[in-house]
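Chain letters run A, B, ... following the sequence lines, proteins first and then strands; every chain starts at 1.
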Amino acid sequence: MTEDRLPSRAEDFSEWYNQVVLRAELADYAPVRGCMVVRPYGWALWENIQAALDKRFKATGHVNAGFPMFIPKSFFEKEKEHVEGFSPELAVVTIGGGEELEEPLAIRPTSETIIGHMYAKWVKSYRDLPILINLWNSVVRWEKRTKLFLRTTEFYWQEGHTAHATAAEAEEETRRMLDIYTDFAVNEAAIPVIPGEKSESEKFAGAVITYAIEAMMGDCKALQSATSHYLGQNFAKAFNIQYLDVQNNQQFAWTTSWGLSTRMIGAIIMVHGDDTGLILPPHLAPIQAVIVPIWKKEEEKTAVCEKAGQIADELQKTLRIKVDLREGVTPGFKFNDWEMRGVPLRIEIGPRDLAASSVTLSRRDRPGREGKTTAAWEGLAQTCQRTLEEIQQSLLERATQFRKDHTSDPTTYEEFRTAVEKGFALSWWCGGSACETKIKEDTKATTRCIPFEQPGGTGRCIVCGMEASKKAYFGKAY
RNA sequence: CGGGGUGUAGCGCAGUUGGCAGCGCACUGCGUUUGGGACGCAGGAGUCGGCGGUUCAAGUCCGCCCACCCCGACCA
């Protein structure tokens, strides 16, 4: 069955990605253009992402709420930049119950406007602030070109919306949430990210400042993995979110919004996956270890399956475990199958292991025989736990090294042009949009972000040679 | 929205000069297998993307439409 092999990442990364998504059963194409069905395995992964984030949101005082998906279309005309940014990709409902609606309803592409409307209603006094609400929902943006998880017409995400009494507090919130995303990406998804500020041209429509975390995918392209926006008073003024301060003066509130979407699943696939399929970070994997029983004779089957069941019961107490009892497919088939699905650890148990009171462990991040070790039944839960932690760490290290190997610091514009073909370039940039545009026209690379971490001092802009106080990351992006 | 491509069984494809709708994989049943993608036998499965035209006869020729994929401009 040679046709069952994936295209290699080197020969066709895009096709490799599509096939991994479909074959690992993360998602499938829906009958509507650009829409996807998230299948149970993909949704389980999303649930683990949700749990890890939700825990962090709650710990920082946020609460969840539900807002409607229909928003009066006129709301989108209230904030100038926001209209320009979102009008082209709005889906609008004009008929309801068989009758033409008096006012068309936009299907939310993001909820700043309806949040603004409601917050205006709820906020009267400084005592009502801050409001720290998060929404887990889906949004619709009419995208021209779509790709499973990375850019679909409808996608699932969380959007946080907060309102504060002071600019400082709102700015602090914006940074706090970006820190949470960074922590999540690094420690749960094992994806090294670059936190930083977006350039004027790349920022969210209606924001004063947009922060983002940028990650490098396995094909060296950049993926914006989460964003956090400081909205200043733009939406407060557009929707009249006003409160009386301690001195009894009317003030406009300061708002923020921040989001992370199912695009993160795409990032996990593209950062960690290899030519045999998906590799999931243990912290987020729906199945952390799969037990594959192996037998030849009937009596072996009974003994092996019984032991496999015992081990599963024991490990289930601390780990997410699956026993693969399918008959009629060979162990070799199962190995490949679970490797495609990215299960980080495989526990093989057969007659040989029974005789030795042990199991064979196989690490997904180390293919073939070298990833196999023997582990005693005694203390197996701890062994697995430790191995999973090692895998989690090694995935992060591998990805960090990869990014390092594909990030350069070119000294001339000529070098720069070559550099962005091979990965990220970290270069001095004057901040001028003319230079940014020139880069984009010449190389198709864009400013990914101006990282918080700066070398200090000044340098010469890689394009115009003018004095620059900051370095920026440049690269081709999804 | 421009350029290119593809629509035939769940998936991948073949189908000659217009003449009974086919192959591989997957699926179902039975048997033998099972430590890195097993094999045999027997089955089920089709509005040939849609509509119209030419013809005794269209998967095949002609026209229109639709969908999807790939490449470019816009985006979490």
Side-chain angles (χ1 to χ4, degrees), chain A residues 1-6 12 14-15 18-19 22-23 28-35 84-90 108-110 138-159 181 198 201-205 207 210 212-215 222-229 257-267 276-277 292-298 300-301 304 324-340 346-356 359-360 362 367-369 371-372 374 440-441 444 446 477-478:
Chain A
M1 294 202 288
T2 46
E3 67 276 20
D4 274 7
R5 218 164 293 142
L6 278 174
D12 191 345
S14 175
E15 189 51 28
N18 288 338
Q19 299 225 5
L22 297 174
R23 296 207 210 173
D28 201 354
Y29 294 101
V32 178
R33 197 199 84 91
C35 289
E84 288 167 7
F86 282 100
S87 294
E89 48 190 46
L90 275 191
R108 65 178 169 225
T110 179
S138 70
V139 288
V140 168
R141 299 180 187 177
W142 220 256
E143 299 290 350
K144 307 281 187 204
R145 205 168 144 191
T146 61
K147 198 169 176 71
L148 294 170
F149 289 118
L150 300 180
R151 197 181 304 101
T152 47
T153 301
E154 181 187 17
F155 60 91
Y156 299 88
W157 73 344
Q158 59 68 216
E159 44 173 330
Y181 290 143
K198 283 284 177 179
S201 67
E202 295 275 328
K203 78 175 172 58
F204 175 74
T210 289
I213 51 173
E214 290 286 330
L223 186 76
Q224 175 174 304
S225 309
T227 49
S228 185
H229 315 291
S257 66
W258 26 276
L260 181 149
S261 73
T262 37
R263 171 179 268 193
M264 180 55 77
I265 293 175
T276 18
V292 179
I294 298 156
W295 66 82
K296 277 196 178 73
K297 306 188 202 86
E298 199 60 24
E300 287 173 346
K301 178 184 163 186
V304 163
D324 189 351
L325 291 173
R326 280 179 294 176
E327 299 196 30
V329 285
T330 63
F333 179 89
K334 292 179 182 179
F335 294 169
N336 285 286
D337 194 33
W338 293 111
E339 280 165 11
M340 180 65 73
R346 183 174 64 239
I347 303 170
E348 302 165 21
I349 177 159
R352 292 209 294 265
D353 301 288
L354 273 195
V359 296
T360 303
S362 191
R369 201 160 295 163
K372 291 201 184 192
T374 303
K440 192 168 181 181
E441 282 171 0
K444 285 175 189 156
T446 49
Y478 273 97

Chemist: Could a donor-acceptor pair under 3.5 angstrom be found where the side chain of A:K372 meets the base of B:G36?
Modeler: yes
Chemist: For A:E327, give me all partners under salt bridge (charged side-chain N to carboxylate O under 4.0 Å, His left out), at least two apart in sequence or on another chain.
Modeler: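 Partners of A:E327 under the salt bridge (charged side-chain N to carboxylate O under 4.0 Å, His left out) test: A:K301.
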Chemist: Can you tell me if A:R141 uses its side chain to pair, donor with acceptor, with the backbone of A:P109 under 3.5 Å?
Modeler: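 Yes, the answer is positive, given that a donor and an acceptor are paired below the 3.5 Å cut-off.
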Chemist: Between the base of B:G35 and the side chain of A:D353, is one N or O donor paired with an acceptor at under 3.5 angstrom?
Modeler: yes
Chemist: Verify side chain to side chain contact (heavy atoms under 4.5 Å, CB included) between A:K372 and A:R346, making sure each step is shown before the conclusion.
Modeler: CA-CA 9 Å; A:K372 291 201 184 192; A:R346 183 174 64 239; 4.0 Å; yes
Chemist: Would you mind checking if A:R352 and A:E300 are paired as a salt bridge, meaning a charged N to carboxylate O distance below 4.0 Å?
Modeler: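 Answer for the salt bridge query: no.
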Chemist: Could you run through nucleotides 66-76 of chain B and give me one letter per nucleotide, 5' to 3': B if any protein heavy atom sits under 4.0 Å from the base, S if only the sugar-phosphate is that close, - if neither?
Modeler: --SSSSBBSBB
Chemist: Between B:A73 and B:C11, how far is it from one P atom to the other, in whole Å?
Modeler: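 Here B:A73 and B:C11 have their P atoms 32 Å from each other.
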Chemist: Which part of the nucleic acid does A:E339 contact within heavy-atom distance under 4.0 Å: base, sugar-phosphate only, or nothing?
Modeler: base
Chemist: Restricting to salt bridge (charged side-chain N to carboxylate O under 4.0 Å, His left out), what partner residues turn up for A:K147, sequence neighbours left out?
Modeler: none
Chemist: Report, one line per pair, each donor and acceptor closer than 3.5 Å where one atom sits in a side chain of residues 152-159 of chain A; sequence neighbours left out.
Modeler:
unit_1, atom_1, unit_2, atom_2, d
A:T152, OG1, A:E154, O, 2.7
A:T153, OG1, A:R33, O, 3.4
A:T153, OG1, A:G34, O, 3.4
A:E154, OE2, A:S138, OG, 2.6
A:W157, NE1, A:N137, OD1, 2.8
A:Q158, OE1, A:Y181, OH, 2.5
A:Q158, OE1, A:L260, N, 2.8
A:Q158, NE2, A:N134, OD1, 2.7
A:E159, OE1, A:S111, N, 2.8
A:E159, OE1, A:S111, OG, 3.4
A:E159, OE1, A:H161, NE2, 2.6
A:E159, OE2, A:S111, OG, 2.7
A:E159, OE2, A:N137, ND2, 3.0

Chemist: Per the atom types in the model, does the base of B:G36 pair as donor or acceptor with the side chain of A:R346 at under 3.5 Å?
Modeler: yes
Chemist: Rounding to an integer number of angstrom, what distance separates B:G12 and B:C61 when you compare their C1' atoms?
Modeler: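 Between the two C1' atoms, the distance is 27 Å.
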Chemist: Could you tell me whether A:S362 contacts a base, only the sugar-phosphate backbone, or nothing, with contacts defined as non-hydrogen atoms closer than 4.0 Å?
Modeler: base
Chemist: If I pick the P atom on B:G37 and the same atom on B:C30, what distance separates them, to the nearest angstrom?
Modeler: 25 Å
Chemist: Would you mind telling me which residue lines up with the more 5' stretch of RNA chain B, A:V359 or A:T330, judged by nearest nucleotide?
Modeler: A:V359
Chemist: Holding to salt bridge (charged side-chain N to carboxylate O under 4.0 Å, His left out), I want the full list of residues that pass it with A:R151, two or more places apart in sequence or in another chain.
Modeler: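 Listed in chain order: nothing, the list is empty.
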Chemist: When you compare B:C23 with B:A14, how far apart are their C1' atoms, in angstrom units rounded to a whole number?
Modeler: 7 Å
Chemist: Which of the following nucleotides, B:A38, B:G35, B:U34, is nearest to the side chain of A:R352?
Modeler: B:G35
Chemist: Check nucleotides 4-7 of chain B against the protein and report each pair of N or O atoms closer than 3.5 Å, with its distance, or say if there are none.
Modeler:
none

